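Heads up: the structure comes next, in structure tokens.
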There are 2 protein chains.
Amino acid sequence: MPNTATTIRKSAERAARQELILQGALAVFKEKGLEGAKIDEIARVSGFGKATLYYYFTSKEEIFSALLLHGWLTLWRELEEIAVGGDSPRATFISMLKKIAEMVNTDRPLYEFLFQAPQSYTREENERSEWKAYQNRLYKVLMELIEQGIKQGEFPQMEPRLIMKAMGGLFHGLVFLGKDRDTITENEIEEMLGSLLG
Amino acid sequence: MPNTATTIRKSAERAARQELILQGALAVFKEKGLEGAKIDEIARVSGFGKATLYYYFTSKEEIFSALLLHGWLTLWRELEEIAVGGDSPRATFISMLKKIAEMVNTDRPLYEFLFQAPQSYTREENERSEWKAYQNRLYKVLMELIEQGIKQGEFPQMEPRLIMKAMGGLFHGLVFLGKDRDTITENEIEEMLGSLLG
DNA sequence: CTAATATTCGACCCATAGTTCGAATAATCG
DNA sequence: CGATTATTCGAACTATGGGTCGAATATTAG
């Protein structure tokens, strides 16, 4: 019969070790890209034996997914508050993007991975993976804000999807483009978005 | 002693076969991504035996580079005319982006590959590859147009690099973002760019 | 302490995929 | 027509890297 307190501690330790592995994995993914990341190197960087990784995760794919899920979940929790805050569509929309930029600045490698990896990897397999749900949820919320904003005259009278593309691209460019990873200020984002929205 | 006319024809045939291979390679790269593209499949799709590919190219890497060089070269030749046209910085800038969008609409798979592949693959090796030079040249020209435009009051008085990021992102979003690959009209691009530039 | 369980890990396994070989066929030359 | 050269290609080679095994060690239970 297992001791209860011990069980809890063990489970916490297990989670902590998974964290360490994910941390190492992120470093390698960031450095070498997705396919370029070798399990052996992830093991080396995280400080575990290769087989130990398979004691905590069932596959490389799972490590990848766990990383994305962790990131999207964290991001979503922050954004959810803003989304239900009850401000006007436009104000909410801008607040959300500013919040994302703020998050990016706190952990650039993670979010760079989050926003770049999917497109270079999105094959059928992870089409249904868990993290994708959060990504879709975010997309949907932003899209709805645009649609409502248009109705209320806060956004230009254009095809919502076009606005979404424009804003998404603009935001992505401001935050991620360029070799120089200088942190972008919230003011700059607001200014740019504002001028595009008229 | 080889016959001259025959030599010329043979060389043309050789080039034509290389074209066929590149065409097949593009189809596979587009479908399966870069690392997901297998030499065997490229061979099958282009209609040659696997070893024949190695008769025309020395490696998978070279096929990849040849494809990018071909694309960037084609694009650059079209853009060069506009760049030296002598219009005002802002007009030239917008014309160039519109031209790129026009090119994209004529061969979407190629340009999607051109604009997406590098970031998911850019490792040290192809940092110095030939196609990269054309990409850099384009970047440089656009950047100079922005700087000149700012001086002449045609662009907002902001950090040039920031404008570049914003415009690049916006453009990329309009042209490439979204599952729906509906062709974007030149008008829509001009309208968006215009509103961002004030 | 001893048995049972949890954790760790390097060595191995093996499927995949890039690359090369050698032979067969086609085209060109003299 | 031979002889030489160009082209084609499947089979074989090989390196890589994801995943597994079995033994060793640490931890917990009783």
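Order of the sequence lines sets the chain letters (A, B, ...), proteins ahead of strands, with each chain counted from 1. Note that the coordinates shown come from a computational prediction; the quantities given were computed from them, not determined experimentally.
If you check residues 42-51 of chain A against DNA chain D, the residues with a heavy atom closer than 4.0 Å are A/K50, A/A51, listed by number. Across residues 14-22 of chain A, A/R14, A/R17 each have a non-hydrogen atom less than 4.0 Å from an atom of DNA chain C (numbered order).
Residues passing the ring pair (Phe, Tyr, Trp, His ring centres under 6.0 Å) test with B/F155, sequence neighbours excluded: B/F93. In this structure, the side chain to side chain donor-acceptor pair (under 3.5 Å) partners of A/E188, at least two apart in sequence or on a different chain, are A/T185. With sequence neighbours excluded, no residue satisfies side chain to side chain donor-acceptor pair (under 3.5 Å) with B/D107. For the salt bridge (Lys or Arg N to Asp or Glu O under 4.0 Å) test, residues two or more places apart in sequence or in another chain that qualify with A/E102 are A/K99.
Following rounding to the nearest Å, A/Y54 (OH) and C/dT7 (C1') show an atom-to-atom distance of 18 Å. B/E62 has its CD atom 15 Å from the P atom of C/dG18, to the nearest Å. Separating the NZ atom of A/K60 from the C1' atom of D/dG19 is a distance of 12 Å, rounded to the nearest angstrom. The distance from atom OH of B/Y56 to atom P of D/dA6 is 12 Å, rounded to the nearest whole Å. For the pair A/D40 CG and D/dT16 C1', the interatomic distance rounds to 10 Å; values are reported in whole Å. Whole-Å rounding puts the B/I8 CD1 to C/dA27 P distance at 20 Å. Between the CD1 atom of A/I39 and the P atom of C/dC9 there is a distance of 15 Å, given to the nearest Å. If you take NZ of A/K32 and P of D/dT16, they are 14 Å apart, rounded to a whole angstrom.
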Please list every donor-acceptor pair under 3.5 Å in which a side-chain atom of residues 44-58 of chain B meets a protein atom from a residue at least two apart or in another chain.
from, atom 1, to, atom 2, distance (Å)
B/S46, OG, B/I42, O, 2.2
B/K50, NZ, B/D40, OD2, 3.1
B/Y56, OH, B/R17, NH1, 2.8

Enumerate donor-acceptor pairs with a distance under 3.5 Å from any side-chain N or O in residues 189-198 of chain B to protein atoms, sequence neighbours excluded.
from, atom 1, to, atom 2, distance (Å)
B/E190, OE1, B/K98, NZ, 2.7
B/S195, OG, B/M192, O, 3.1

Salt bridge (Lys or Arg N to Asp or Glu O under 4.0 Å) evaluation trace for A/E112 with A/K30: CA-CA 8 Å; A/E112 228 161 78; A/K30 177 187 83 160; over 6 Å; no
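For B/Y55 and C/dT20, the shortest distance from a side-chain N or O to OP1 or OP2 is not below 4.0 Å.
Residue B/T52 is the one, among B/T52 and A/A37, whose nearest nucleotide of DNA chain D lies closer to the 5' end (criterion: closest heavy atom).
If you look at A/W72 and A/Y111, their ring centroids are not closer than 6.0 Å.
Counting only residues at least two apart or on different chains, the side chain to side chain donor-acceptor pair (under 3.5 Å) pairs with a member in residues 139-158 of chain A are A/S88-A/E154.
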